[in-house]
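This report refers to the structure that appears directly beneath it.
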Amino acid sequence: VIHDNVVTDFDYYGISVMASVFSNTVDGVRVYNNQVRSGVAPRSGTTGWIRVENFASSVKPLVFNNALSATASAVVGSFIGLAGVDGARVYNNTMVGMGSGYGVSAGSAARNSQILNNIISVVNKALYLYDSTIASQTTSNYNIFHSQTGVQIGAGARTLAEWQTLNHDLNTQTANP
């Protein structure tokens, strides 16, 4: 459990929760009520304000009520990055920033994610989903997107309207928060 922290100006990850390869021995993975902000560009590679990685399907990490922000084109990865997790839940987070990154990204083994009731205001894409399989297994709804393009699935970008034709984010709206 990681909660009620203020993390500023980091090089790689603001908060990182990782298990050794697909651990199912960890219980109650929750990241909540944190403020993670950066005004500096990271050193190199992809970054994550919050990164959750390598948990078995029984764990179902929960990331909620976090305030994530970036200035000075600092976002080059994801505000919230999911990798190697099954059933992650991303609820009620606020993500505001500049740069070329994503609001929430779900990597190649991030199956059955729920992305609900978030405010995602980024320059690039609100969501990045590794491929069409991950996209079909992702539940995303009741969000507010403010981005150049709504969703990226693999190499292809989709507007929010195109994404909604696939029965995702039917109650999500675009707005400038």
> What residues, two or more places apart in sequence or in another chain, satisfy ring-ring contact (aromatic ring centres under 6.0 Å, His included) together with Tyr142?
Replying inline: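 Applying ring-ring contact (aromatic ring centres under 6.0 Å, His included) to Tyr142 gives none.
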
Can you check whether [Y]'s main-chain N or O pairs, donor with acceptor, with [X]'s side chain at less than 3.5 Å?
X	Y	answer
Asn112	Asp86	no
Asn5	Val7	no
Asn34	Ile2	yes
Asn66	Val36	no
Gln164	Thr172	yes
Glu162	Thr159	yes
Ser16	Tyr13	no

What is the minimum heavy-atom distance between [X] and [Y], and which atoms define it?
X	Y	result
Ala106	Ile134	CB-CG2, 3.9 Å
Ala157	Lys125	CB-CE, 3.9 Å
Leu160	Gln173	CD2-C, 4.2 Å
Arg51	Ala83	NH2-CB, 3.4 Å
Trp49	Ser38	CZ2-CB, 3.8 Å

Should [X] and [Y] be counted in the same cluster of Ile, Leu, Val, Met, Phe, Trp and Tyr side chains packed under 4.5 Å apart?
X	Y	value
Ile119	Leu127	no
Trp163	Leu170	no
Val6	Leu68	no
Phe64	Ile144	no

> For atom OH of Tyr128, is the number of surrounding heavy atoms from other residues, nucleotides or ligands below 6.0 Å larger than 12?
Replying inline: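 Count over threshold, so yes.
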
>> Could you check whether Asn141 and Asp169, counting side-chain N and O atoms only, form a donor-acceptor pair closer than 3.5 Å?
In response: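 The criterion, which ignores hydrogens and geometry beyond distance, is not satisfied for Asn141 and Asp169.
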
> Got a sec, which residues hit side chain to side chain donor-acceptor pair (under 3.5 Å) with Arg37, two or more places apart in sequence or on another chain?
Replying inline: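 Gln35.
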
